[in-house]
Colleague: 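This is the structure, below, for whatever I ask next.
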Amino acid sequence: MRLTDRVIIMATDNTVLKSETVPNPPEERKPVMKNHKPYKTGDTTKKVTANILKYTFIWGYFAITFGLFVWVLMTSFKDNREIFSSPFGLPESIEFSNYIFALFEVNMSMYLWNSLLVALATVLFCFILGSTVSFVLSRFKFRGNFFIYMLFIIGLTIPLQSLIFPMFFKMHTIGLRDTLIGLIIVYTALNLPKTVFLLVGFMKGIPKEMEEAAIIDGCNYWQVFSKVIIPMSKPALATVGILVFISAWNEYIFATVLISSDAISTLPLGLASFQSSHLSEYGLIAAGVIISIIPVLIVYMIFQEQIIKGMASGAVKG
Amino acid sequence: MIQQKRWILALFALPTLLFYTYFFISPVLNTFYISFFKWDGIGEKVFLFLGNYMELLKDPIFYSALAHTLYWVALVILVQIPVGFLLAYFIYQKVKAYKFLRTVYFIPVITSSVAVSLAFSFIYEAQFGILNSFLKLIGLDQFTTAWLTDPNTAMTAVSLPFVWNYIGLMMVILFSGLQSVPDELLEAGKMDGVNSWQKIAYIILPSIRNVLVICFVLGISYAFKQFDYVLLLTNGGPVHQTEVTGTYMYKQGFDESRYGYGNAIAITMMFIVIVFTAIVNKVLQSKE
């Protein structure tokens, strides 16, 4: 108990210290560029034109992106007759028949379940395998440390899709092709470089005093890892978890190469095969698209800030 | 002091290292290895040494696929990054509802390539697709076409989802760069009376050079590795008109059972990406 108390106190101290030293978050920064003063007469037309261009641009791009989503949503409530007669019109009535058919007749619910399983298992594997090695790489000096770290960094620079052939044959050889566990293993391997990069980067920033306190209290390595480092790495783990989840949820190329049974297809696979089997049932396909987007959209809405920041920081080397 | 021996630490790292070596490093090395052979995936491997690479150098379809991939690189540099920058710049100026706009702009990035492909296949659909319906609506019937199968339009049509998909990501990365531009610089510029263009060209762009490098590197690597859209929308057709290096590699392996040749394409792609990355780093960072 004493240990945890101390760690918590130190952790809170640390965060307080940090939030005081960190400069004001940019959101609160005074807008330097915005000119609130009334425009000088000579500039007026120029400024107005510039503003019109600016707003046309940002709302035009918004209209394209949002409009596409809304259009697919509209289409998902229509049947073919309505789609052809009024492609842009609002649906005559909100009918969920396309959704019900997609979920239960063409097994979208099964694909949803498979995708959820694969994505969550990949996140779990990445957590376990990534955090242990990151702990050793970030907190201890030893010969070969840099070399091992570089092995993961090199993994970041390789276009992963160029590994489809060896991955396919490896899984074939060990008998895991066309199994969910095989797909989970491949996704874990492909996401490990990113995981290790982000976790090592974060764990290096955890102050040494944290684990020294734990060591004085007689903790062994495992306890330092599980009671100090992991709890303190929660923000980084959250970022990694979300990034890995989204990438596993959306992945298509490796899934189509490795999985051939319909019963274990993931959502992207199901959606793609769905399109070829129900080629001209546009409303149904639109419903499938919406069904596949909704879960990840919910995750995005909840963890928006974390996802955006994580993608930006993960992209630094990813 | 910890009462345990240091080698205990190896127990933490070892499972991951074994896993990573077996499932990642070994496939990478295997790609190299197989690229020196002629192999159909089942039978004997025939050692060709550089034979696959020699054939690649004389393969006209590979060159056209490479040209299409380089076209994507150009689109990244000329469209994706500039549009991403402008969006980031306007959002940075805190236009009305900027947070909402940013949320929406980023949605394509988290959407699966299959969903995006299906949505775009609706846009291009000959009979009811947005594009043709819209053209008919404004009386330009003569321009309607089957966008994905018409050789004149297929490449552009298949490139759009790729470009659109990552604009949001570029925006977010550039936005984080813009937030780090020092206020003093902007104030100084304001006192000197620079106009907007001068401000962007002489103050902002030089300050975010490192972030620009990231965008370039990322965009180039996506142009080479992201072939989902081509595979799903046109599968490289009509007659290789939309073939990119990724789809060509994929098809050489899984459709033609020429795994040695496919791996040679994979290695060439890796090589080009690394060279491009090095060039971008050199050009954009040398001025420091």
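Remember, predicted model here, so these are calculated numbers, not experimental data.
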Colleague: For A/Pro166 versus B/Thr31, what's the shortest heavy-atom pair and its separation?
Modeller: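 Smallest interatomic distance, heavy atoms only, reads CG-OG1, 3.1 Å.
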Colleague: I'd like to verify something: which residue of A/Phe168, A/Trp249, A/Trp71, A/Trp59 has the highest number of heavy-atom pairs under 4.5 Å with chain B?
Modeller: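 Option with the greatest count: A/Trp71.
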Colleague: Using a cut-off of under 4.5 Å on heavy-atom pairs, state which of A/Gly288, A/Pro193, A/Gly130 scores highest against chain B.
Modeller: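 Among the listed options, the one with the most contacts to chain B is A/Pro193.
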Colleague: Could you label the plane-to-plane angle of the B/Phe100 and A/Phe66 rings as parallel, tilted or perpendicular, counting under 30° as parallel and over 60° as perpendicular?
Modeller: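 If you compare the ring of B/Phe100 with that of A/Phe66, the planes turn out perpendicular.
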Colleague: A/Val186 versus B/Phe23: any side-chain heavy-atom pair under 4.5 Å?
Modeller: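 No, their side chains stay 4.5 Å or more apart.
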Colleague: Out of A/Ser131, A/Gly155, A/Ser292, A/Ser247, which one racks up the most heavy-atom pairs below 4.5 Å with chain B?
Modeller: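 Counting heavy-atom pairs under 4.5 Å, the top option is A/Gly155.
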Colleague: Report the relative orientation of the aromatic rings in B/Trp39 and A/Phe169; use parallel for angles under 30°, tilted for 30 to 60°, perpendicular for over 60°.
Modeller: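 Judged by the thresholds at 30° and 60°, the geometry between B/Trp39 and A/Phe169 is tilted.
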Colleague: Contact part of B/Thr277 toward chain A, heavy-atom cut-off under 4.5 Å: side chain, backbone, both or neither?
Modeller: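 When you check distances to chain A, no heavy atom of B/Thr277 falls under 4.5 Å.
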Colleague: Could you look at A/Ala50 and say if it's the side chain, the backbone, both or neither that has a heavy atom under 4.5 Å from chain B?
Modeller: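 Contact with chain B involves no heavy atom of A/Ala50 at all.
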Colleague: For the atom pair CZ (B/Arg102) and CZ (A/Phe62), what is the distance rounded to the nearest 0.5 Å?
Modeller: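 So the CZ of B/Arg102 and the CZ of A/Phe62 are separated by 15.0 Å.
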Colleague: Are the side chains of B/Met171 and A/Tyr61 in touch, meaning some heavy atoms are under 4.5 Å apart?
Modeller: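 A side-chain contact is absent here, since even the closest heavy-atom pair is not under 4.5 Å.
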Colleague: Which heavy atom of A/Lys170 sits nearest a heavy atom of B/Tyr22, and at what distance?
Modeller: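 For A/Lys170 versus B/Tyr22, the nearest heavy atoms are NZ-O, 2.8 Å.
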Colleague: Find the one option among A/Phe225, A/Phe140, A/Phe135 whose heavy-atom pairs under 4.5 Å with chain B are most numerous.
Modeller: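 It is A/Phe140.
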Colleague: Measuring heavy-atom distances to chain B, does A/Thr65 have an atom under 4.5 Å in its side chain, in its backbone, in both, or in neither?
Modeller: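 Contact with chain B is through both the backbone and side chain of A/Thr65.
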Colleague: Run the side-chain hydrogen bond (donor to acceptor under 3.5 Å, both in side chains) check on B/Lys225 and A/Ser162 step by step: do they pass?
Modeller: CA-CA 7 Å; B/Lys225 70 182 184 186; A/Ser162 54; over 6 Å; no
Colleague: Of all of B/Cys215, B/Gly41, B/Pro15, which one pairs up most often with chain A through heavy atoms under 4.5 Å apart?
Modeller: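 Winner by heavy-atom pair count: B/Gly41.
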Colleague: Quick one, B/Phe19 and A/Thr188 - any side-chain contact, counting heavy atoms below 4.5 Å?
Modeller: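 They are in side-chain contact.
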Colleague: With chain A as the partner, which of B/Leu11, B/Thr103, B/Thr111 has the greatest number of non-hydrogen pairs under 4.5 Å?
Modeller: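 Answer, by heavy-atom pair count under 4.5 Å with chain A: B/Thr103.
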Colleague: Given the options B/Asn30, B/Ile167, B/Ile265, which has more heavy-atom pairs under 4.5 Å with chain A than any of the others?
Modeller: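 Sorted descending by pairs with chain A, the first entry is B/Ile167.
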Colleague: Does any heavy atom of chain A fall under 4.5 Å from the side chain of B/Phe120, the backbone, both, or neither of them?
Modeller: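 The side chain, not the backbone.
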Colleague: Once you round to the nearest 0.5 Å, how far does CZ of B/Phe24 lie from CE of A/Met167?
Modeller: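 Here the interatomic distance stands at 6.5 Å.
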Colleague: Can you tell me if CZ on A/Phe57 sees more than 12 non-hydrogen neighbours from other groups inside 6.0 Å?
Modeller: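 Count over threshold, so yes.
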Colleague: So what's closer than 4.5 Å to chain B heavy atoms on A/Val296: side chain, backbone, both or neither?
Modeller: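 Interface part for A/Val296: both.
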Colleague: Select, from A/Ile154, A/Ile285, A/Ile293, A/Leu267, the one with the greatest count of heavy-atom pairs under 4.5 Å involving chain B.
Modeller: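 Most heavy-atom pairs within the cutoff with chain B belong to A/Ile285.
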Colleague: Between B/Val114 and A/Ala272, which heavy-atom pair has the shortest distance, and what is it?
Modeller: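 Minimum heavy-atom contact is CG1-N, 3.9 Å.
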Colleague: Under 4.5 Å heavy-atom distance to chain A, tell me which part of B/Val273 shows up: side chain, backbone, both or neither.
Modeller: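 Side chain only.
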Colleague: We want to know whether B/Glu125 and A/Tyr282 form a side-chain donor-acceptor pair, criterion being a heavy-atom distance below 3.5 angstrom.
Modeller: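 Yes.
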Colleague: Side chain, backbone, both or neither: which part of B/Leu17 has a heavy atom under 4.5 Å from chain A?
Modeller: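 Side chain only.
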Colleague: Rounded at 0.5 Å granularity, tell me how far CG in A/Leu271 sits from OG in B/Ser117.
Modeller: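 Atom-to-atom, A/Leu271:CG and B/Ser117:OG are 9.5 Å apart.
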Colleague: To the nearest 0.5 angstrom, please state how far the OG atom of B/Ser113 sits from the CD atom of A/Glu251.
Modeller: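 These two atoms lie 7.5 Å from each other.
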Colleague: Just so I understand: if I count every heavy-atom pair under 4.5 Å between each of B/Val83, B/Ile91, B/Val109, B/Ile267 and chain A, which residue has the most?
Modeller: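 Among B/Val83, B/Ile91, B/Val109, B/Ile267, the one with the most close pairs to chain A is B/Val83.
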Colleague: Under a 4.5 Å heavy-atom cut-off, does chain B meet the side chain of A/Ile158, its backbone, both or neither?
Modeller: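 Contact with chain B is through the side chain of A/Ile158 alone.
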Colleague: Side chain, backbone, both or neither: which part of B/Ile25 has a heavy atom under 4.5 Å from chain A?
Modeller: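 B/Ile25 touches chain A through side-chain heavy atoms alone.
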Colleague: Under 3.5 Å, side chain of B/Tyr20 to main-chain N/O of A/Leu151, donor-acceptor pair present?
Modeller: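 Yes, because the side chain of B/Tyr20 sits within donor-acceptor range (under 3.5 Å) of the backbone of A/Leu151.
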Colleague: Can you say whether B/Phe224 sits under 4.5 Å from chain A via the side chain, the backbone, both, or neither, judging by heavy atoms?
Modeller: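 Interface part for B/Phe224: neither.
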Colleague: For A/Ile174, is it the side chain, the backbone, both or neither that has a heavy atom under 4.5 Å from a heavy atom of chain B?
Modeller: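 Looking at A/Ile174, just its side chain touches chain B.
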Colleague: Who wins among A/Ile290, A/Val72, A/Ile246 for the most heavy-atom pairs under 4.5 Å with chain B?
Modeller: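 Highest number of heavy-atom pairs under 4.5 Å: A/Ile246.
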Colleague: Less than 4.5 Å to any heavy atom of chain A: does that hold for the side chain of B/Leu86, its backbone, both, or neither?
Modeller: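 Both the backbone and the side chain of B/Leu86 come within 4.5 Å of chain A.
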Colleague: What is the distance from atom CD1 of A/Ile164 to atom CZ of B/Phe227, rounded to the nearest 0.5 Å?
Modeller: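 Going from CD1 on A/Ile164 over to CZ on B/Phe227, the span is 4.5 Å.
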Colleague: In terms of side-chain geometry, is the basic nitrogen of B/Lys99 or A/Glu305 positioned less than 4.0 Å from the acidic oxygen of its partner?
Modeller: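 A/Glu305 and B/Lys99: not salt-bridged.
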Colleague: Do A/Lys54 and B/Tyr89 form a cation-pi contact, if we require the NZ or CZ to be under 6.0 Å from the six-membered ring centre and within 45 degrees of the ring's axis?
Modeller: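 Because its charged atom misses either the 6.0 Å distance or the 45° angle limit, A/Lys54 does not stack over B/Tyr89.
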Colleague: Can you see which heavy atom on B/Ile110 is nearest to which on A/Asn250, and at what distance?
Modeller: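 Result for this residue pair: O-ND2, 3.0 Å.
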Colleague: Okay, side chain of B/Tyr105, backbone of A/Ile58: is any donor-acceptor separation there less than 3.5 Å?
Modeller: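 A pair under 3.5 Å: yes.
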Colleague: Which one of B/Val104, B/Val172, B/Leu14 has the most heavy-atom pairs closer than 4.5 Å to chain A?
Modeller: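 Of the options given, most contacts go to B/Val104.
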Colleague: Mind ranking B/Thr245, B/Leu174, B/Ile274, B/Ile130 by heavy-atom pairs under 4.5 Å with chain A and telling me who comes out on top?
Modeller: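 Greatest number of close heavy-atom pairs with chain A: B/Ile130.
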Colleague: OH of A/Tyr252 to CG of B/Leu232: how many Å apart, nearest 0.5 Å?
Modeller: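 Going from the OH atom of A/Tyr252 to the CG atom of B/Leu232 covers 4.5 Å.
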Colleague: A/Phe165 pairs by ring-ring contact (aromatic ring centres under 6.0 Å, His included) with which of B/Phe254, B/Tyr261, B/Phe37?
Modeller: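 With A/Phe165 as partner, B/Phe254, B/Tyr261, B/Phe37 yield a single ring-ring contact (aromatic ring centres under 6.0 Å, His included), made by B/Phe254.
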